[in-house]
Amino acid sequence: EKGGYDHFMMKEIHEQPKAIRDTLSGRVKDGVVDLSQEISLTKEQIKGIEKIHFVACGTAYHAGLVGKTVLEELARIPVECDVASEYRYRNPIITDKTLVVVVSQSGETADTLAALREAKKQGARVIAITNVVGSSVAREADDVIITWAGPEIAVASTKAYTSQLIAIYLLGLYLAQVRGPKTAEQLSEIVNHLMALSTQAEDVLKQEKQIAQFARSMAKNEHLFFLGRGLDYAVALEGSLKLKEISYIHSEAYAAGELKHGTLALIEEGIPVVALATQHAVYDKMVSNIQEVKARGAHVLGLATEGDSELRKTVDEVIHIPKTIDLLTPVLTVIPLQLFAYYACVERGYDVDKPRNLAKSVTVE
Ligand code: M6R
């Protein structure tokens, strides 16, 4: 049942290229995204959307954080992203021109379901991105985009996250095709890159050995930092959650520009830092943040884009992800972080698939 792997988590990490492919399948034709089978919003309704709220928990929330940047960039609609347990109690401003996107692998998470009901009650239009056909969230939302990741057994979510990202890109492109401001050519260029991701994810998986080695060498540490800017920061949050969840190493993800505002005090000799540096607009800023932690003795694993021969000069070790556009990197950068958490957990001798105190589906508040 584990397909030759020692753990479900490892099997599911390796199923990501297929999950990406399956989630794209049938939804793209000639460089154009077609979600008309799943989303019943008319062109007029799409044009009328005034804001979008992503609402979710845990890893799905981290997918929503990527979604905020992606949808703002593609469709130029203001987006907020909330943890469901906060959203449902904070009296959010919702109108009938608000599109609420709930993201849930299981479709049964109590807080996410309650947030969905609250949003509907206040007149929002709700789209669910979920991995389970016929789940509560799928049944109660106005429209559903299924992620075709297949059953996810390990408590630590992996292939569900990357498939959620794909669903979010598809939604962003679909809305952008109606709303502008990007031209059809610009959008189809993005679609081309999207279609290349599953093969590129296979290439990232080939670096497993190097990541395993780094994870093993770091596994004795009790504290670790993940740094990034922009979308790299959103992925850093997910990498940090994954590590904490299964290896019980305390870690924090930081927006690298915030380091100076406190966290830098915690960087001392030998502390491991995983630094993501794939976002071109903030690359130089990121490199100087890495230099700051290096100067304080941090041991740094850098994540760079293929062809980047600079980062190697600043960090101790570097993993390269294949070239894509900045907007799509999260699908690739998260994979080394998942593998990193996995090997740190195995090295420390914990139960990969069933971490202590956690359940796969959180159906109580
Ligand atoms: O089924 P859901 O996507 O609604 O679950 C949400 C979270 O409970 C889930 O992502 C959790 O954070 C994972 N165990 C993280 O790996």
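Side chains included, hydrogens not; waters and symmetry mates left out as well; all remaining heavy atoms used. Remember, it's 1-based here, ligands and their atoms both numbered in the order they're listed. Computed from a predicted structure; not experimentally measured.
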Which of the atoms of ligand 1 are close to [X], meaning less than 4.0 Å from one of its heavy atoms?
X      : value
Lys242 : 15 (C), 16 (O)
Ala156 : 16 (O)
Glu245 : 13 (C), 14 (N), 15 (C), 16 (O)

If we count only N and O atoms by modelled type, under 3.5 Å, do the side chains of [X] and [Y] hold a donor and an acceptor together?
X      : Y      : answer
Gln213 : Glu317 : no
Ser240 : Ser251 : yes
Ser136 : Glu108 : yes
His223 : Glu268 : no
Ser157 : Gln105 : no
Glu258 : Thr263 : no

Main-chain N/O of Ala149 paired to Thr147 side chain as donor or acceptor, under 3.5 Å: no
Residue selection (non-hydrogen contact nearest atom 3 (O) of ligand 1) among Gln105, Glu152, His62: Gln105
Looking only at distances, can you tell me whether any N or O atom of Thr112, backbone or side chain, sits closer than 3.5 Å to an N or O atom of ligand 1? no
I'd like to check whether Val155 has a polar contact with ligand 1, where a contact means an N/O of the residue lying under 3.5 Å from an N/O of the ligand. yes
Who's the nearest protein heavy-atom neighbour of [atom], and how far?
atom                   : answer
atom 4 (O) of ligand 1 : Thr109 OG1, 2.4 Å
atom 1 (O) of ligand 1 : Ser106 OG, 2.7 Å
atom 8 (O) of ligand 1 : Val362 CG2, 4.2 Å
atom 6 (C) of ligand 1 : Cys57 O, 3.4 Å
atom 9 (C) of ligand 1 : Thr59 N, 4.1 Å

Aromatic plane relationship, Tyr350 with Tyr248 - under 30° parallel, 30 to 60° tilted, over 60° perpendicular: tilted
The answer for which part of Glu108 has a heavy atom under 4.0 Å from ligand 1 is neither
